Amino acid sequence: MKKIIFSLLLTVGAMSTANAVEGNAEAGKNKAVMCAACHGATGISAIPTYPDLAGQNALYFVKQLVDFKSGARTDMMMAPMAANLSEQDMADLAAFFASQKRASEQAVAADDNTAPAASTSAGNVDVVTSTPAKALYAGNVKSGQEKSAMCASCHGVDGNSPVAIYPKLAGQSASYTAKQLADFKSGERKDPVMMGMVAALSEQDMNDIAAYFAVQTPTVGIGESSALGHKLYFGGDAKKGITACVACHGVQGKGMAQAGFPALAGQNADYLKKQIASFRDGSRGNDSNNMMRDIAIKMSDSDIEELVSYMSALK
Ligand code: HEC
Ligand code: HEC
Ligand code: HEC
């Protein structure tokens with residue numbers, strides 16, 4: 001009897017500290033977008049070394065995030081993810097993931113209503129990267145083509161910019177491109193040329209143009225690849241705390257459209273170099289939760305050089 005009372009007291013104690021901040025599952029759902037690349041949109045991870053989060057106990061969940069943030073639990077991928085989360089963020093995320101069905105339950109549900117074979121055996125990553133970009137965003141390809149005429153001088157008619165300092169837009173996910181256009185318009189991402197270009201575009205224009213470029217075929221990468229860059233891309237650098245790029249930008253460098261992670265494969269080298277340098281010195285700061293800035297700040301000039309060689313040569 002004594003034992004039972006004791007454990008009851010422990011439970012009540014733990015609950016009352018956690019309840020100091022109440023989680024909101026709906027808010028958590030929005031914040032979980034940046035977790036999706038590794039843990040899946042509904043908390044079922046497609047990669048065997050990443051844990052499922054669906055149905056996890058909220059108290060345990062919050063404690064892990066607190067520990068990743070304080071360094072009491074170390075993991076080079078989770079440390080930068082947790083670093084920017086507030087107590088409220090953690091509570092919201094915990095509430096969202098706790099409310100998701102565990103893997104076995106999701107598989108059954110998918111069988112029941114002939115939903116597309118998402119998030120189970122096929123794996124979230126495959127599903128996300130193979131989903132046509134136009135299905136993910138509300139743009140009209142045909143009107144986007146007309147509206148993109150004024151972009152062609154720099155980005156090419158089909159989004160394959162011939163000049164190295166101008167990025168390729170062909171095949172980039174529509175959601176990412178539309179976000180960049182909106183960020184140039186709001187000033188959250190700064191570039192004198194692009195800010196002028198987007199000033200007169202409406203949200204619909206941006207969605208249409210983004211949809212048009214998303215369905216164009218990118219030309220393959222050129223230049224010499226880098227073995228060191230390959231290693232960094234897939235393994236990161238634990239000593240420096242550089243998260244592996246593959247986690248968010250994908251095995252083939254095609255990004256993850258639903259999570260807002262851009263494709264980098266075959267992108268023009270000078271452009272890539274400038275972007276990483278801008279994240280590193282903070283002059284580009286439109287990445288939510290400092291996701292890229294926290295990584296770039298740990299990169300040396302030669303890290304950037306090798307990574308850019310690797311990514312721009314990716315076929
Ligand atoms: C770049 C990949 C990556 C991203 C993005 C990521 N995680 Fe993780 N997460 C991991 C890995 C890897 C582990 C396992 C760490 C270990 O081995 O200790 C983990 C572990 C966890 C755990 C502990 C699970 C357990 O059972 O102990 C929680 C909780 C968690 N992540 C939450 C999140 C949340 C919330 C986000 C988004 C804000 C997020 N993660 C984003 C890779 C990632
Ligand atoms: C005069 C040349 C020029 C024209 C015309 C131009 N752009 Fe750009 N664009 C650039 C430059 C330069 C950058 C790189 C900015 C930077 O360094 O951040 C860029 C960047 C972008 C990006 C960011 C790409 C990424 O991978 O993040 C998008 C999206 C974009 N442009 C879309 C457009 C669209 C849509 C139009 C037409 C409405 C357009 N641009 C017209 C020069 C141009
Ligand atoms: C935790 C996820 C994550 C990881 C890990 C990550 N990135 Fe990113 N990266 C992003 C996001 C998100 C953006 C787009 C931000 C925005 O909305 O503008 C981005 C943008 C970029 C861009 C700009 C692309 C463009 O078209 O302008 C480059 C270059 C880049 N990342 C390189 C890297 C490299 C190199 C690594 C590994 C050392 C890496 N990233 C690791 C999430 C990540």
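Just so it is clear, the model here is predicted, and its values are computed rather than measured. Counting starts at 1 for both ligands and their atoms, following the listed order.
- Remark: ligand 1 and Tyr60 share an N or O pair separated by less than 3.5 Å (distance only, no angle test).
- Around atom 23 (C) of ligand 3, the closest heavy atom drawn from Lys179, Arg284, Lys274, Met292 belongs to Arg284.
- Here Pro262 has no heavy atoms under 4.0 Å from ligand 2, in either its backbone or its side chain.
- The closest approach between any non-hydrogen atom of Gln56 and ligand 1 is below 4.0 Å.
- Residue nearest to atom 5 (C) of ligand 3, selected from Ile295, Leu232, Asn268: Ile295 (by heavy-atom distance).
- Each of the atoms 32 (C) of ligand 1 lies under 4.0 Å from some heavy atom of Leu65.
- A salt bridge links Asp303 with Lys240; the closest basic N to acidic carboxylate O contact falls under 4.0 Å.
- Note: no N/O pair closer than 3.5 Å links Asp183 and ligand 3 by distance alone.
- Of the protein's non-hydrogen atoms, the one nearest atom 26 (O) of ligand 3 is Tyr176 OH, 3.3 Å.
- Here the heavy atom of the protein found nearest to atom 4 (C) of ligand 3 is Cys248 SG, 3.3 Å.
- Counting only heavy atoms of the protein, atom 19 (C) of ligand 2 lies nearest to Met194 CG, 3.2 Å.
- What sits closest to atom 2 (C) of ligand 2 on the protein, heavy atoms only, is Cys154 SG, 1.9 Å.
- Which parts of ligand 3 touch Asp287 is read off a 4.0 Å heavy-atom cut-off, strictly below it: atoms 15 (C).
- The closest donor-acceptor contact from the side chain of Lys168 to the backbone of Ser161 lies at 3.5 Å or more, if one exists at all.
- Residues Asp301 and Arg280 are paired through a salt bridge, judged by an N-O separation under 4.0 Å between the basic side chain and the carboxylate.
- Of the protein's non-hydrogen atoms, His155 NE2, 2.8 Å is the one closest to atom 7 (N) of ligand 2.
- Side chain of Thr219 to main chain of Asn160: no donor-acceptor pair is present (N/O by atom type, distance under 3.5 Å, no hydrogens or angles).
- Ligand 3 lies out of reach of Tyr233, whose nearest heavy atom is not under 4.0 Å from it.
- Atom 31 (N) of ligand 3 has as its closest protein heavy atom His249 NE2, 2.9 Å.
- For atom 35 (C) of ligand 3, the closest non-hydrogen atom on the protein side is Cys245 SG, 3.6 Å.
- At the shortest separation from atom 18 (O) of ligand 2 among protein heavy atoms lies Arg189 NH2, 2.9 Å.
- The atom name of the N/O/S atom in His39 closest to atom 8 (Fe) of ligand 1 is NE2.
- Annotation for ligand 3: atoms under 4.0 Å from non-hydrogen atoms of Gln180 are 16 (C), 17 (O), 18 (O).
- Counting the atoms of ligand 1 from 1 in the order shown, those under 4.0 Å from a heavy atom of Phe61 are 29 (C), 35 (C).
- Closest to atom 28 (C) of ligand 2, if we only count protein heavy atoms, is Leu169 CD2, 3.6 Å.
- A donor-acceptor pair under 3.5 Å is formed between the side chain of His249 and the backbone N or O of Pro262.
- Not one N/O/S atom of Met291, from backbone or side chain, sits under 2.8 Å from atom 8 (Fe) of ligand 3.
- Ion pair Asp52/Arg102 not flagged as a salt bridge, since none of the NZ, NE, NH1 or NH2 atoms sits closer than 4.0 Å to an Asp/Glu carboxylate oxygen.
- Residues Lys274 and Asp270 are not paired through a salt bridge, judged by the lack of any N-O separation under 4.0 Å between the basic side chain and the carboxylate.
- With a 4.0 Å cut-off on non-hydrogen atoms, Cys151 touches ligand 2 through its backbone as well as its side chain.
- Which parts of ligand 1 touch Arg73 is read off a 4.0 Å heavy-atom cut-off, strictly below it: atoms 15 (C), 16 (C), 18 (O), 23 (C), 25 (C), 27 (O).
- Across Leu201, Val141, Thr177, a single residue satisfies side chain to side chain contact (heavy atoms under 4.5 Å, CB included) together with Ile209, and that is Leu201.
- Counting atoms of ligand 1 from 1 in the listed order, those under 4.0 Å from a heavy atom of Tyr50 are 12 (C).
- The part of Ala244 lying near ligand 3 is the backbone, judged by heavy-atom distances below 4.0 Å.
- Here the heavy atom of the protein found nearest to atom 11 (C) of ligand 2 is Tyr166 CD2, 3.8 Å.
- Each of the following atoms of ligand 3 lies closer than 4.0 Å to a heavy atom of Gln275: 27 (O).
- Under 4.0 Å from ligand 2, heavy atoms of Met150 appear from its side chain as well as its backbone.
- Those atoms of ligand 3 that come under 4.0 Å of a heavy atom in Leu272, given as number and element, are 29 (C).
- Protein heavy atom at the shortest distance from atom 12 (C) of ligand 3 is Phe261 CD2, 3.4 Å.
- Comparing Pro51, Gly28, Cys35 by heavy-atom distance to atom 34 (C) of ligand 1, the nearest is Cys35.
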